[in-house]
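We number each residue from 1, following the sequence as shown. Remember, it's 1-based here, ligands and their atoms both numbered in the order they're listed.
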Amino acid sequence: MSDTRKLIIVSNRMPVTVEKKKGEIHFHQSAGGLATGLGSFYRSYNSIWLGWSGISSDRINRKERESITTKLANDFGSYPIFLSKKDVELYYRGFCNRTIWPIFHYFPQYAVYDKSLWESYKYVNKLFSNAVMKVAKPNDIIWIHDYHLMLLPMLLRKKLPNASIGFFLHIPFPSFELFRLIPWRKEILNGLFGADLIGFHTYDYVRYFLISAYRLLGYEHTYGQVIVGNRVIKVDAFPMGIDYAKFDKATLNPKVKREVKNIHKNVNDRKVILSVDRLDYSKGVLQKLDAFSLFLEKNPEYKGKVIFILLVVPSRTKVEHYRLLKRQIDESVGEINGKYGTLDWMPIWYLYRSLPFHRLAALYSVSDIALITSLRDGMNLVSKEFIATKRNRHGVLILSEMAGAVEELGEAIIVNPNNREEIAEALEKAMKMPIEEQISRNKIMQRRLQHYNVVKWANDFIDSLHKVKEQEQKLYAKVLTPEREDKLINAYVKSNNRLIILDYDGTLVPFAGSPEEAKPDSKLMKMLKAIANDKRNTLVIVSGRKKETLEKWFGKLNIGLGAEHGAWIKEKEWDMIAPLRNDWKIRIRPILESYMDRTPGSFIEEKEFSLVWHYRKVNSELALTRARELKDDLLHLTTNLGLNVLEGNKVIEVRNIGVNKGRAVLKWLSKKDWDFVFAAGDDLTDEDIFAVLPKEAYSIKVGLGISQARFNVESIKDLRLLLKRFEKAV
Ligand code: GDG
């Protein structure tokens, strides 16, 4: 695929690190998974990567800045963002790692809520936005990565309304109860909603995010699709893969082979347990040390026969909780080695540093067991890399159920990282697992990892981003633009026999629970009256409401009415659309009542020919479950009773088959040879109206979203402005 648009990747750090040593500037490229995954796009697009260079701007002068920028652009396809020492302290070490990181990893006790850190986070996100604006064109594709830049999507959206913006979060998205703790939670969500596509590692994170969006911003979703104003936003899971081939082939590399030999020499024929983590409290390092100690205590026969290689990669050592953790790990290792070690056997080999790739790969290769006990982990790539290195060879993965990777690595031994007994037992089980079983478990996982590798992951993400945009454009194709509106008004002015059909709730006024709250305002009444009084117009309101309510509100106006979704219609007097029965209500009502009792916030509305269960005020998740259950229950019961179960906007309604707004509208349609037919509605029940209209009719759905209507308007306000033009044209 070749595209003239640019692909702009934005992450906190770019894949090149800039350092200043003894007055000289050095550049190191890091070949991370992300860079590999994006490799194919680099070739098909004109790409650029933006991020912090790693060097603080206080340490370089203007000339150095310029030469760094030029070198990065020419040699690395990158564009640097310069952060001062203070920015790094407040934004990176501050808000990112002292507020977001602990909350998103379920460590609220470590989180600080400090306005100055938040201000710095906002400021640095703006710096990133300014930098992107220096290189971006209106239709470019922008892929933003991770928790450091959650405000960036909206900052960019405001400046580049047509750009394709994707956001991917590499860490977990927490449950609402955690996320709500952050004082600036709404700003963060709003920031993210600037993107067209918001991606997470797992479906659980998607769910948690959508629940927060609903609870905090009132945004609803349909299969992960959220419509905000005139935009479509998709939220979905994209489990990040690894550069599979790199690990699969690693053991063929002579440098790795040499290293493997070396390790074997030192290990002898002892079993090797491996642990690889960044220094982070979310990784559960203390927990695994504790479990290893318990394992030795319970299985003394393994003393002298097993080595635990503990690789801890230094990270965020300037944040206090990390320093404390380092001390605790040092102590724990010392304690265990002191307790069990002998003159010729040290149970834990502890490495506190980062290793070059060939040494890491060699460790994966020689280890019999990989022990991953993250307390929370967005994905955990180490577990995937370990399995990928084990082609046709044995090796057991023990994996925490709190790591995102567990969804794809179900053949591992899964443990709860807080259960030391379970981890110790898992170690014992892993030690004893037959080699054939190890290989066959690994093969299943390898197939999966090979298939959904990092390139596939990145492709999938960008493809989905294109699809969301296409979908948005389809919706846009139906938006009532000013030109289309002018044509409509033109047709209105020229015509003499006009039929105007309007739904009420959600179309003319916002949804509200009680009739009192939803009463038409005086401006609306004035407008309807004016339209109705034009002799060329026949105005009809067709609603789900009871006839008594409609009569009270509109009875005095010169308009037709349809109540209870058309069960009753009024031209001069109220009349039933067809002979209907309602004795079925005695059987259905008790079912709805049992749901009402078990679902706080829900209530039943009884109309003459229908029963309605309302759940607008019910907690979102419960509402969803209950609505589904109730629909299932009702479907079984109603088939023989000649009833229909219909889902409206936060309601489930049971009514006689054949009663719908469309049938009511047909009554008016067949009356005359209309030369202008207009209908507006907002929800599923109005689709029945749209379905019976002649092709040339002007039908309008209020709100963006799939509909049979010819056009969409964004909001009630837009529809009322349009109707105002009817009034003025009188
Ligand atoms: C975040 C999320 C999510 C480790 N030590 C060495 C070394 N590594 C490499 C590994 C692996 C990477 O670092 C670590 O990735 P993880 O996924 O395990 O964890 P985080 O760093 O916390 O990453 C995490 C990830 O983002 C991706 O979205 O999975 O949940 O927290 O690739 O190989 N590499 C070398 N020497 C080392 O000593 N060369």
Side-chain angles (χ1 to χ4, degrees), residues 11-13 15 17 28-38 96-97 100-102 104-107 143-148 167-174 199-202 204-205 237-244 246-247 250 253 255-256 259 274-285 309-316 322 325 349-365 367 370-389 397 399-409 417 449 452-454 457-458 461:
S11 59
N12 176 51
R13 290 294 291 269
T17 301
H28 309 279
Q29 180 139 33
S30 53
L34 198 56
T36 314
L38 297 165
C96 291
N97 290 332
I100 300 290
W101 184 273
F104 280 43
H105 287 87
Y106 295 72
F107 277 81
W143 189 1
I144 302 164
H145 290 265
D146 229 357
Y147 65 105
H148 316 88
F167 178 91
F168 186 81
L169 188 74
H170 288 260
I171 64 174
F173 193 89
F200 299 93
H201 281 305
T202 72
D204 277 338
Y205 308 155
F238 302 87
M240 187 175 174
I242 55 167
D243 183 354
Y244 188 84
K246 181 174 163 190
F247 289 91
N253 173 336
K255 264 172 119 180
V256 177
E259 187 64 25
L274 176 67
S275 159
V276 178
D277 298 292
R278 261 184 325 95
L279 176 73
D280 202 297
Y281 48 80
S282 65
K283 302 285 185 184
V285 178
I309 302 182
L310 182 74
L311 172 60
V312 178
V313 180
S315 172
R316 304 175 197 171
Y322 290 74
L325 177 66
W349 293 3
Y350 175 33
L351 310 174
Y352 178 65
R353 76 189 85 126
S354 171
L355 298 180
F357 173 74
H358 71 277
R359 292 195 61 199
L360 177 69
L363 282 178
Y364 285 150
S365 171
S367 303
L371 181 58
I372 314 279
T373 56
S374 312
L375 300 173
R376 290 285 159 179
D377 216 334
M379 173 51 76
N380 192 284
L381 298 179
V382 168
S383 53
K384 293 187 168 182
E385 293 166 359
F386 171 75
I387 292 295
T389 317
L397 173 65
L399 180 59
S400 161
E401 65 178 66
M402 311 294 174
V406 81
E407 311 259 319
E408 295 157 274
L409 302 176
L449 296 179
Y452 204 80
N453 60 26
V454 70
W457 167 80
F461 187 89

List ligand 1 atoms under 4.0 Å from Trp101, heavy atoms only on the residue side. 31 (O)
Between the side chains of Ser282 and Asp280, does any donor sit under 3.5 Å from an acceptor? yes
Side chain or backbone, does Arg353 bring an N or O within less than 3.5 Å of an N or O on ligand 1? no
Would you mind running through ligand 1 and noting each atom that sits below 4.0 Å from a heavy atom of Ser354? 36 (N), 37 (C), 38 (O)
Counting from 1, what ligand 1 atoms have a heavy atom of Val276 closer than 4.0 Å? 4 (C), 5 (N)
Taking only non-hydrogen atoms of Asp377 and a 4.0 Å limit, the atoms of ligand 1 in range are 24 (C), 30 (O), 31 (O)
Is the ring pair Trp457/His145 parallel, tilted or perpendicular, if the boundaries are 30 and 60 degrees? tilted
Please state which option from Met240, His170, His105 has its nearest heavy atom closest to atom 3 (C) of ligand 1. His170
Does Lys246 make a cation-pi contact with Phe357, if we ask for NZ or CZ under 6.0 Å from the ring centre and within 45° of the axis? yes
Side chain or backbone, does Gly378 bring an N or O within less than 3.5 Å of an N or O on ligand 1? yes
Are Asp146 and Ile171 side-chain neighbours, meaning at least one heavy-atom pair lies under 4.5 Å? yes
Taking the ring of Phe247 and the ring of Phe386, is the distance between their centroids below 6.0 Å? no
Ignoring hydrogens and angles, tell me if any N or O in the side chain of Thr389 forms a donor-acceptor pair with the backbone of Glu385 under 3.5 Å. yes
Atom 16 (P) of ligand 1: of Leu381, Val454, Leu360, the nearest heavy atom sits on Leu381
CD1 of Ile242 to CD1 of Ile387, rounded to nearest 0.5 Å, is 9.5 Å
So between Lys283, Arg278, Met379, whose heavy atom ends up nearest atom 19 (O) of ligand 1? Lys283
To atom 11 (C) of ligand 1, the nearest of Arg376, Arg359, Glu385 on a heavy-atom basis is Glu385
Any idea which atoms of ligand 1 are less than 4.0 Å away from a heavy-atom of Leu311? 38 (O)
Below 4.0 Å, non-hydrogen atoms only: which portion of Val313 touches ligand 1? Side chain, backbone, both or neither. side chain
Fit a plane to each ring of Phe168 and Trp143, take the angle between them on a 0 to 90° scale, and name the class: parallel (under 30°), tilted (30 to 60°) or perpendicular (over 60°). perpendicular
